[in-house]
Structure formats: structure tokens, C-alpha cells
Number of protein chains: 2
Amino acid sequence: MEPPVNCQLCKNHPNSVFNDLSAESLDKISKLKSCVSFKKGQTILQEGARPQGVYCIHKGKLKLFKLGTEGKEQIMRFATAGDMVGYRSILSDEPISASISALDDTYCCYIPKSSFFQVIQDNPKFSLNVLKLSCQELGEAGKMITSLAQKNVKERLAEIFLILRATFGEDEDGFVDIKLTREEIANMVGTATESAIRLISGLRAEGLIETKGRKVKIIDRVALRSEALVFE
Amino acid sequence: MEPPVNCQLCKNHPNSVFNDLSAESLDKISKLKSCVSFKKGQTILQEGARPQGVYCIHKGKLKLFKLGTEGKEQIMRFATAGDMVGYRSILSDEPISASISALDDTYCCYIPKSSFFQVIQDNPKFSLNVLKLSCQELGEAGKMITSLAQKNVKERLAEIFLILRATFGEDEDGFVDIKLTREEIANMVGTATESAIRLISGLRAEGLIETKGRKVKIIDRVALRSEALVFE
DNA sequence: GCTAATCTATGATTTTTATCAGGTGAGGAT
DNA sequence: ATCCTCACCTGATAAAAATCATAGATTAGC
């Protein structure tokens with residue numbers, strides 16, 4: 001469960017944003033990081049806080065969400081093993097703009113701010129990778145904005161299932177490897193919980209998805225993409 | 001109208017993302033850049049294109065927008081004098097995710113990709129500033145997502161006027177210093193043009209704004225903030 | 001395994017927003 | 001100054017989505 005002390009031994013390392021880091025910097029981080037764990041449901045960071053370090057996820061799933069004016073969540077995105085969170089607040093020197101909580105038991109490496117800045121300064125390639133990551137996230141945010149503005153709720157829901165599958169993959173039974181309440185799904189789609197429930201029932205009745213409790217399996221991927229107005 | 005050949009003499013320089021650049025790099029850019037101008041309404045970059053350089057705006061106003069599935073625009077944000085556009089596509093090595101067009105006659109410095117990368121490599125501080133910029137944009141995008149998901153159209157419209165005023169400031173008569181069609185306003189709010197028109201009339205009838213053709217003046221800022229559910 | 005709390009589901013109703021249709025006014029080109 | 005086109009405006013109607021209420025099913029904690 002616990003991450004290895006030495007980052008080079010981490011199973012996520014080959015695919016993480018840290019993978020271009022010099023051996024020296026990786027050593028430095030390995031020495032300065034600490035390991036933290038969070039229970040399912042636990043809040044890691046609250047919107048508005050100023051984290052003093054970044055978290056690199058070793059194992060587990062996080063949701064990043066904002067609270068609207070009436071306290072309802074809007075889920076922005078998820079982060080999984082190998083992803084880094086909290087970096088944006090540190091780099092923009094602003095309070096963190098989304099809360100982060102654990103969707104299941106999660107193990108992270110916590111890298112203090114000063115170490116993180118040191119590594120940024122010492123590794124232009126890493127800095128560029130972080131920049132690249134941030135730009136990619138901004139592109140995803142743009143898509144989400146356009147969908148929220150122009151697609152109807154059913155279209156958006158269909159799209160969310162595709163995104164969930166792309167993010168979390170499938171378990172052995174072919175179900176998307178994340179369990180979310182209907183409320184959480186509604187909070188991604190940007191709709192009322194009841195509306196989400198109704199439309200999930202509808203997609204199920206049309207044979208596009210299958211559900212088993214909170215698990216969702218995509219049955220007709222082509223039809224779902226068409227429903228979501230997603231064309232590659 | 002034309003930008004100065006020497007970036008150090010640009011009136012936007014003290015406030016631009018380039019202002020921490022070494023004199024040497026600034027010289028290099030000054031030599032390698034070219035000056036381009038665009039007429040009002042002209043498209044600078046089309047979504048999906050791969051720009052071969054970044055644009056630093058000397059004078060003028062740009063809108064960055066995506067087209068939805070039915071060809072309707074969703075305006076993501078604006079860029080004005082001193083802002084840089086196109087950098088995200090270059091850094092993430094992806095096609096550009098939003099089209100860019102000129103809201104009025106615009107003059108830019110065009111910095112070729114290779115020069116831009118050179119400057120990024122040679123100036124960690126600049127790289128950090130670009131990263132900071134990208135992170136701030138992502139924070140703004142998160143706000144927009146939450147508003148689209150949870151606020152009603154009137155609330156969003158009120159918020160858009162506050163954003164426009166913050167972005168463009170006011171002219172001598174106190175009107176927000178940008179003229180947008182009702183359709184463009186609707187394309188920011190994420191609603192039908194008629195709905196935008198109705199609600200603009202409504203805000204005007206309530207005394208919160210005043211319009212003169214396409215110009216908008218905020219009359220009761222406190223009430224508008226309240227309407228927009230914006231609390232500092 | 002049991003129980004309480006929470007989630008899921010559905011029907012009815014209300015509210016919000018989009019669409020359709022038609023008229024007026026403003027701005028730009030000649 | 002005139003004309004034409006497009007933008008703005010408004011009313012009516014339809015569609016989409018939210019809200020309210022209630023019942024049944026599932027999950028989490030002990």
C-alpha cells in the first residue's frame with residue numbers, strides 16, 4: 001500500500017510527470033517527501049486553502065470539486081495513481097481553486113513546496129512537463145465548458161460515461177472501474193440528481209449501458225458516442 | 001499602431017508575461033519576431049490548427065472560442081494588449097483547442113515556436129511565469145464550469161458583465177470598453193440569443209445596467225454582484 | 001446479520017429556457 | 001440621403017429541466 005521510499009521504484013514512475021527528472025533530483029525528492037494516506041471520503045484539501053506542498057498519488061482515486069453558491073458540488077475532474085495535485089495553487093501562488101477528496105483509500109507522496117520549486121528550477125524539462133500538463137488540463141476544461149453550455153443533459157451524461165471509462169478503465173467484468181453515487185454523477189453532469197437517475201434509467205432501457213448497483217458497464221459504445229455527440 | 005521593433009520599448013512590456021525576461025533574451029525575441037495585424041472580425045487561428053508560433057498582442061482585442069456540434073460559438077475568454085495567445089498549443093504539442101479572432105483591429109508580435117522554446121529554456125523565471133499564467137487560466141475555467149452547471153441564465157449574465165468590466169475597463173463615459181453583439185454575449189453566457197436579449201432588457205428595467213447600442217454601463221454594481229451571486 | 005441511514009427510483013407539478021414567428025431599428029454601404 | 005441587411009426586441013408556444021413528494025432498495029456501520 002505504502003509508496004516506496006525511493007521514487008525510482010514506484011510503479012507509477014514510468015508514466016508520471018516526474019519521469020524525466022534527473023536521478024539527482026529524484027533522489028532529493030525521495031529524501032524530502034513524506035508518505036500520507038487518506039481514508040475513503042476524507043478531504044485532502046479544502047477549496048481556498050494554501051497547500052504547502054504537492055501530492056503525488058501512489059494509489060487511489062481523488063475527485064477535485066468546487067462548491068457552488070448553495071453548497072452543491074461541481075466535480076471538475078479526477079486524479080488517479082501517478083497524477084499530481086495541488087501544483088497549480090503553488091505555482092500560481094493562489095489559494096487552491098478546488099477541494100480534493102478521496103474516492104477510496106488513497107496513498108500519496110507529499111512533496112514540500114520548497115522542494116518542488118527547487119526541482120522546477122533544476123529541471124527545465126520537468127518544468128516543461130508540468131506546463132504541458134497544465135495546458136492539457138485547460139484544453140479539457142474548455143471542452144467541458146462547451147458541453148455544459150451547448151449540450152443537453154442526456155448528451156452530457158453520455159459523454160461523462162465515456163470520460164469515466166477513459167479515466168478509470170474497466171474491471172474484470174467490464175464495468176467502469178469506479179463507483180459513483182447518482183448524486184456524484186449529477187455533480188459532474190451539472191444537473192439535479194433526479195434528472196441524472198432518470199436519464200441513467202433511460203440509457204439502460206435503450207441498451208446503451210448496464211448497471212449493477214453503482215457500477216456501470218458501457219454496452220453499446222458506438223451508440224453512446226453518438227448520443228454524446230462525440231466524434232473523433 | 002505598429003509595435004516597436006524593440007520589445008523593451010513596448011508600452012505593454014512592464015505588465016506582460018515577458019517582463020522578467022533577460023535583456024539578452026528580449027533582444028533575441030526582438031530580432032526574431034515579426035509584426036502582424038488583423039482586421040476586426042478576422043480569424044487569427046482556427047480550432048484544430050497547429051500554430052507555429054505564439055502571438056503577443058500589442059493592441060487590440062481577441063476572443064477565444066470553441067464551436068459546438070451545431071456550429072454555435074462558445075466564447076471561452078478574451079485577450080487584450082500585453083496578453084499572449086497560442087502558447088498552450090505549442091507547449092502541449094496539441095492542436096489549438098479554441099479558435100481566435102479579432103474583436104477589433106489588432107496588432108501582434110508573432111514569435112516563432114523555436115524562439116519561444118529557446119526563451120523558455122533560457123529563462124526559468126519566464127517559464128514559471130507562463131506556468132503561472134496557465135494555472136490562473138485553469139482557475140478561471142473552473143469558475144466558469146461551476147457557474148454554467150449551477151447558476152441560472154440571469155445569474156450568469158450578470159456575472160458576465162462583471163467579468164467584461166474587469167477585463168476591458170471603462171471608457172470615458174463609464175461604459176464597459178468593449179462592444180459585443182447580443183449573440184456574442186449569449187455565446188459567453190451559454191444561452192440562446194433571445195434569452196440573453198430578454199434578460200439584458202430585464203437588468204436594464206431593474207436599473208442595474210444601462211445600454212447605448214452595444215455598449216453597456218454598470219449602474220448598480222452592488223446589486224449586479226448580488227444578482228450574479230458573486231461574493232468576494 | 002441487523003438496522004438505520006442513504007441512495008435510487010418514479011410520478012406529478014412547476015419553473016426555466018429554447019424555439020418559432022414577426023416587427024422595428026440601427027448601422028453600413030453606396 | 002437612401003436602402004438593405006442584420007441585429008435587437010417581443011409575444012406565444014413547446015420542450016427541457018428542476019423541484020417536490022413518496023416509496024422501495026441498497027449500503028454502511030456496528
Side-chain angles (χ1 to χ4, degrees), chain A residues 39-42 68-75 102-105 147-161 175 178-206 209-216 227 229, chain B residues 39-41 68-75 103-105 147-161 175 178-206 209-216 227 229:
Chain A
K39 287 311 222 177
K40 173 176 166 153
Q42 202 175 347
T69 50
E70 308 202 347
K72 186 175 153 75
E73 286 184 9
Q74 177 60 36
I75 295 177
L103 287 171
D104 53 25
D105 292 353
S147 290
L148 279 163
Q150 300 190 10
K151 290 184 183 178
N152 66 37
V153 177
K154 189 178 180 186
E155 288 159 355
R156 302 206 302 274
L157 176 67
E159 189 174 7
I160 291 294
F161 283 135
F175 286 87
I178 181 76
K179 298 202 301 186
L180 298 171
T181 63
R182 297 295 186 261
E183 186 177 20
E184 276 166 331
I185 291 176
N187 289 346
M188 293 183 69
V189 173
T191 191
T193 307
E194 290 94 327
S195 299
I197 291 170
R198 279 182 226 280
L199 291 165
I200 289 169
S201 300
L203 290 179
R204 192 172 53 219
E206 289 166 28
I209 63 171
E210 175 189 326
T211 61
K212 193 172 173 195
R214 293 180 194 167
K215 296 167 66 163
V216 179
E227 186 63 49
L229 306 181
Chain B
K39 287 311 220 178
K40 173 177 166 147
T69 49
E70 309 203 347
K72 184 173 154 74
E73 286 184 9
Q74 177 60 36
I75 295 176
L103 286 172
D104 51 24
D105 293 351
S147 288
L148 280 163
Q150 300 190 9
K151 290 184 183 177
N152 65 37
V153 177
K154 189 180 181 186
E155 287 158 356
R156 303 207 300 274
L157 176 67
E159 190 175 5
I160 291 294
F161 283 135
F175 287 86
I178 181 73
K179 298 202 303 189
L180 299 172
T181 62
R182 298 296 187 262
E183 186 176 20
E184 276 164 330
I185 292 176
N187 290 346
M188 293 183 70
V189 173
T191 191
T193 307
E194 291 94 327
S195 298
I197 291 170
R198 276 179 229 281
L199 290 165
I200 289 169
S201 300
L203 289 179
R204 192 171 53 220
E206 289 166 26
I209 63 170
E210 175 189 324
T211 60
K212 195 172 171 194
R214 290 178 195 169
K215 298 167 67 165
V216 178
E227 186 59 55
L229 305 182

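Quick note on labels: first sequence line is chain A, next is B, and so on, each numbered from 1.
- Across its full length, the helix from C/dG1-D/dC30 to C/dT30-D/dA1 shows an angle of 70° between the axes of its 5 terminal pairs at either end, rounded to 10 degrees.
- Residues B/I209 and B/T211 are in side-chain contact: their nearest non-hydrogen atoms beyond the backbone lie under 4.5 Å apart.
- Straight-line distance from the NZ atom of A/K40 to the P atom of C/dT6: 15 Å, rounded to whole Å.
- We find that CG of B/L180 is positioned 10 Å from P of D/dC8, with the value rounded to whole Å.
- With rounding to the nearest 0.5 Å, the separation of OG1 in B/T193 from CD in B/E184 is 10.0 Å.
- There is a side-chain donor-acceptor pair under 3.5 Å between A/E159 and A/S147.
- Phosphate proximity of C/dT10 to A/S201: present, with a side-chain N or O under 4.0 Å from OP1 or OP2.
- Separating the NZ atom of A/K179 from the C1' atom of C/dT8 is a distance of 15 Å, rounded to the nearest angstrom.
- The CD1 atom of B/I185 sits 12 Å away from the C1' atom of D/dA7 (whole-angstrom rounding).
- One atom, CG of B/L157, and another, C1' of D/dC8, lie 15 Å apart when rounded to the nearest Å.
- Rounded to a whole Å, the CZ atom of A/R182 is 14 Å from the C1' atom of C/dT10.
- Here CZ of A/R198 is found 13.5 Å from CG of A/L157. Values are rounded to the nearest 0.5 Å.
- A salt bridge does not link B/E183 with B/K72: none of the charged nitrogens is closer than 4.0 Å to a carboxylate oxygen.
- Under the 3.5 Å distance criterion, the side-chain polar atoms of A/Q74 are matched with a main-chain donor or acceptor of A/N187.
- We find that CG of A/L148 is positioned 14 Å from C1' of D/dA17, with the value rounded to whole Å.
- Heavy-atom neighbours of B/K215 NZ from other residues, nucleotides or ligands within 6.0 Å: above the threshold of 12.
- At least one side-chain heavy atom of B/R182 sits under 4.5 Å from a side-chain heavy atom of B/I200.
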| request: Mark up nucleotides 16-30 of chain C, 5' to 3', with B wherever a protein heavy atom is under 4.0 angstrom from a base atom, S wherever such an atom reaches only the sugar-phosphate, and - elsewhere. | output: -SSBB----------
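- Rounded to a whole Å, the CD1 atom of B/I200 is 14 Å from the P atom of D/dA7.
- Counting only N and O atoms by type, the side chains of A/Q150 and B/T69 include no donor and acceptor under 3.5 Å apart.
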